[in-house]
Amino acid sequence: MAWYDEAVFYHIYPLGLTGAPKENPYGAPQHRLQTLIPWISHIKEIGCSAVYIGPLFESVGHGYETTDYKKLDSRLGTNEDLTDFVAKCHEQGIRVILDGVFNHTGRDFFAFEDIKKNREGSQYKDWYCNVNFWGNNEYNDGFSYENWGGYNLLVKLNQHNPAVRDYICDVIRFWVSEFDIDGIRLDAADVLDFEYMKALRHVANEVKPDFWLMGEVIHGDYTRWVNEGTLHSVTNYNLHKALYSGHNDHNFFEIAHTVKRLYEMGGSRPDGLKLYNFVDNHDVERIYTKLNNKAHFTPVHILLYTLPGVPSIYYGSEFGIEGKKERFSDDSLRPALSLSDYADAVTNNPYTRLIAALGNVRQNTPALSYGDYQELLLTNRQYAYSRNYNGQSVIVSVNNDDSDYVMTLRAGNAAEYIGALSGEKVSVNGGNIVVNVKANSGDIWLPVTPDTIAAVHPGASAVSEPAAAAPKAPSAAKTTCTDTNTTQTDAQQAQSAKADSAAAQTSAANQDASAKASEGAANQDEPAKTGESAAKAAVDQDKPAKADAAPSSNLTETNNAKSAARSEDFEKGKIAGLQEAILAIMEKNGPVTDQMRRDVEANVYHDSLIAWVKSFR
């Protein structure tokens with residue numbers, strides 16, 4: 001067991017949060033990092049025990065084009081400011097990991113400057129990939145080189161060069177000795193050389209007990225990166241995609257399939273894969289913006305905090321703020337915030353109150369960090385599972401429907417359970433508990449013991465008031481279950497059967513392809529573009545021809561009919577048109593690899609393609 005096994009992370013993009021200028025004048029240090037010290041108490045108050053902050057070091061603009069790995073960005077302050085920030089975090093029991101941008105440097109980095117000056121005579125000419133003194137670039141350097149992401153601002157390091165490896169390993173040692181950090185998040189880990197990562201892991205094992213290496217990986221077999229030789233964890237983009245689209249499409253099957261596949265990938269063991277789970281970050285839209293129904297903020301975050309993995313909250317999202325990707329800028333994803341604007345948020349802001357309650361539950365419930373995962377109930381709109389550890393069974397139930405839903409769930413050995421978010425108590429009868437899961441909500445059911453009472457926060461899940469859809473009248477079919485031996489009402493059984501049938505039409509390969517492609521362009525340097533118009537255009541090419549509507553004296557009725565017909569066109573798109581739409585959107589978002597193209601071509605299931613197109617928001 002290590003500190004990161006039980007961690008709840010708070011993710012900060014410091015240049016954005018502090019309101020630093022977009023371009024670095026390389027002037028006198030501005031001590032903006034000191035303004036984040038009051039945030040440490042807030043981070044602790046909402047139940048986070050670790051901070052991921054970065055990028056931090058001297059750079060030209062957004063922070064990922066490093067100029068000096070051993071100097072805090074002058075827009076943020078001095079090295080002493082960073083040492084002080086980490087020390088103050090440690091005083092409150094909060095660990096700190098930094099961004100390690102070790103795949104590429106900026107053009108102002110000393111080694112690249114030397115190549116510009118000395119050309120073929122530079123001792124650093126082999127520090128970068130494919131330096132060609134017969135070429136040129138838009139900067140008129142008189143030579144060309146391999147970049148990252150298509151940007152010559154980002155010069156790709158030659159990770160096979162022992163001198164480069166030794167330098168970066170020394171940087172890690174310096175960060176630990178100078179700032180006392182607890183880990184590093186490796187930027188663009190999915191394109192790092194594996195031998196290079198092994199060298200970094202060797203240094204991580206050397207510098208500090210339980211020093212954590214986490215990597216940014218968009219898609220693929222996560223076990224390639226997460227193992228004893230390379231990294232401890234990677235970013236879980238598969239779950240990220242499933243969490244928002246599974247709610248927007250009312251499709252808990254997508255979420256459950258993703259969880260099951262990742263759990264099996266880790267050997268079906270709770271310690272198999274400790275992935276870094278998130279619902280938003282500095283590269284993707286805010287979860288509050290992405291959700292079609294804002295009330296789904298509650299079940300999304302219950303899942304984030306209770307599914308296997310290490311949960312993370314991106315700064316500001318605990319307040320329920322918006323953040324939408326723009327065509328040429330990620331600024332709206334990385335805003336400057338003043339903590340004073342959110343005074344008493346834990347008490348007065350329902351979103352913050354929920355996040356704080358979930359943080360407290362997580363810290364007081366070892367089963368959520370170390371327990372196994374067992375699915376208990378699954379329909380399109382309802383989902384329940386247990387996390388079991390040391391004889392304790394914690395049960396999680398969520399509901400994305402606009403009506404309440406009664407679940408009968410297999411319980412553990414306790415005689416009574418209590419909802420950590422509702423405060424409601426239920427008795428165990430015949431080995432089961434019967435719980436009413438509120439509309440667009442959920443709960444974490446803890447066995448009642450003296451130790452679990454501290455984790456209970458009645459009313460914390462009630463975040464639907466500010467922006468929820470209008471409540472629907474209760475359905476007579478969803479009658480409260482009184483017989484604890486009956487697992488579902490007849491209506492629920494019919495609903496489950498219908499959901500199972502629909503889910504069977506979408507294979508595991510389709511779900512995997514959808515998870516891979518939807519975030520394929522997520523990176524800190526190139527914002528994704530909205531592709532819905534391109535999708536509709538492509539679908540329109542292949543949609544079935546429609547006969548003209550018959551004349552009607554009732555103009556309103558005719559217009560309504562036409563509107564309804566248009567709304568159906570998108571759903572009736574043919575397979576080829578939908579595939580073309582997806583590829584068109586992906587090409588706008590960034591480079592489309594052969595594997596991404598194969599994923600699209602292999603998906604020939606209409607409903608899955610429709611969900612995939614809709615996932616690009």
Side-chain angles (χ1 to χ4, degrees), residues 1-9 47-50 93 95 210 212 222-223 226 228 232-233 236 239 255-256 258-277 299 301-312 357-378 383-398 407 409-422 424-428 431-433 435 437 442-457 460:
M1 295 181 182
W3 64 266
Y4 43 78
D5 291 325
E6 301 179 11
V8 176
F9 272 90
C48 294
S49 58
R95 306 278 185 156
D210 295 334
W212 197 50
Y222 289 151
T223 59
V226 182
E228 289 301 314
H232 296 93
S233 183
N236 193 354
L239 183 62
I255 298 175
T258 300
V259 173
K260 183 174 183 288
R261 178 166 49 83
L262 293 173
Y263 192 62
E264 291 174 348
M265 192 182 293
S268 297
R269 306 188 323 272
D271 60 342
L273 279 179
K274 292 277 188 172
L275 300 176
Y276 183 86
N277 295 342
H301 283 87
I302 292 174
L303 293 173
L304 173 67
Y305 273 77
T306 60
L307 286 169
V310 180
S312 174
L358 290 170
N360 184 70
V361 174
R362 178 84 184 199
Q363 290 193 358
N364 285 282
T365 311
L368 296 179
S369 297
Y370 300 108
D372 67 6
Y373 164 83
Q374 295 183 19
E375 186 180 292
L376 300 179
L377 181 147
L378 180 62
Y383 179 28
Y385 51 89
S386 64
R387 303 291 308 278
N388 308 284
Y389 177 70
N390 276 356
Q392 182 187 69
S393 182
V394 174
I395 298 170
V396 180
S397 57
V398 286
M407 297 182 181
L409 304 171
R410 185 175 71 254
N413 297 325
E416 190 175 32
Y417 275 74
I418 186 168
L421 303 179
S422 66
E424 178 186 352
K425 287 186 177 182
V426 293
S427 298
V428 176
N432 298 321
I433 57 172
V435 297
V437 188
D443 214 336
I444 305 165
W445 301 95
L446 308 174
V448 176
T449 68
D451 294 333
T452 59
I453 298 304
V456 177
H457 288 260

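- Annotation: salt bridge (Lys or Arg N to Asp or Glu O under 4.0 Å) contacts involving residues 265-275, sequence neighbours excluded, comprise R269-D271.
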For a quick test of your reading: what N or O donor-acceptor pairs under 3.5 Å do the side chains of residues 412-419 make, sequence neighbours left out?
residue, atom, partner, partner atom, Å
Y417, OH, S393, O, 2.9
Y417, OH, G412, N, 3.0

Could you go through V310 and N277, starting from their C-alpha distance and side-chain angles, then the distance that decides it, and tell me whether this counts as side chain to side chain contact (heavy atoms under 4.5 Å, CB included)? CA-CA 6 Å; V310 180; N277 295 342; over 6 Å; no
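- Residues that satisfy the salt bridge (Lys or Arg N to Asp or Glu O under 4.0 Å) test with K260, not counting sequence neighbours, are E264.
- Shown here are the ring-ring contact (aromatic ring centres under 6.0 Å, His included) partners of Y305, two or more places apart in sequence or in another chain: there are none.
- Taking A357 as the reference, L421, H457, A460 meet the side chain to side chain contact (heavy atoms under 4.5 Å, CB included) condition, with sequence neighbours excluded.
- Of the inter-residue distances, the one linking F9 atom CZ with Y4 atom OH reads 10.5 Å to the nearest 0.5 angstrom.
- Separation of atoms CZ (R410) and CG (N432) is listed at 8.5 Å; rounding is to 0.5 Å.
- By the side chain to side chain contact (heavy atoms under 4.5 Å, CB included) test, V437 pairs with S397, N399, M407, V435, sequence neighbours left out.
- Partners of H301 under the side-chain hydrogen bond (donor to acceptor under 3.5 Å, both in side chains) rule, at least two apart in sequence or in another chain, do not exist in this structure.
- Rounding to the nearest 0.5 angstrom, the gap separating the CG atom in L446 from the CD1 atom in I395 is 9.5 Å.
- Partners of S427 by side chain to side chain contact (heavy atoms under 4.5 Å, CB included), not counting sequence neighbours, listed by chain and number: N429.
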### Residues N360, Q363; criterion side chain to side chain contact (heavy atoms under 4.5 Å, CB included); working and verdict
CA-CA 5 Å; N360 184 70; Q363 290 193 358; 5.7 Å; no
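- Evaluated for a side-chain contact (heavy atoms from CB on, under 4.5 Å) with P299, the options V396, I255, L304, V398 yield exactly one hit, V398.
- With contacts defined as side-chain heavy-atom distances shorter than 4.5 Å, the pair V361/V456 does not qualify.
- Atoms CG and CE, from L275 and M265 in turn, are 8.0 Å apart once rounded to the nearest 0.5 Å.
- Of all heavy-atom pairs spanning A420 and D443, the tightest one is N-OD1, 3.3 Å.
- A search for side chain to side chain contact (heavy atoms under 4.5 Å, CB included) contacts involving Q392 returns T365, A367, V394, P447, T452, not counting sequence neighbours.
- Scored by the salt bridge (Lys or Arg N to Asp or Glu O under 4.0 Å) test, R95 finds D182 as partners (sequence neighbours excluded).
- Atom CD1 of I444 and atom CG of L368 lie 6.0 Å apart (nearest 0.5 Å).
- Judged by distance alone, the side chains of Y370 and E6 do bring a donor and an acceptor atom under 3.5 Å apart.
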- Query: Is there a side chain to side chain donor-acceptor pair (under 3.5 Å) between Y276 and S312 once you walk through the steps?
  - Reply: CA-CA 7 Å; Y276 183 86; S312 174; 2.6 Å; yes
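- For A50 against A7, the heavy-atom pair with the smallest separation is CB-CB, 4.3 Å.
- One finds the CG atom of D372 at 4.5 Å from the CG atom of N388 (value rounded to the nearest 0.5 Å).
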- Trace of the side chain to side chain contact (heavy atoms under 4.5 Å, CB included) decision for T258 with L262: CA-CA 6 Å; T258 300; L262 293 173; 3.9 Å; yes
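- By the side-chain hydrogen bond (donor to acceptor under 3.5 Å, both in side chains) test, S369 is found to be paired with no residue, residues two or more places apart in sequence or in another chain being considered.
- Partners of Y373 by ring-ring contact (aromatic ring centres under 6.0 Å, His included), not counting sequence neighbours, listed by chain and number: Y263, Y385.
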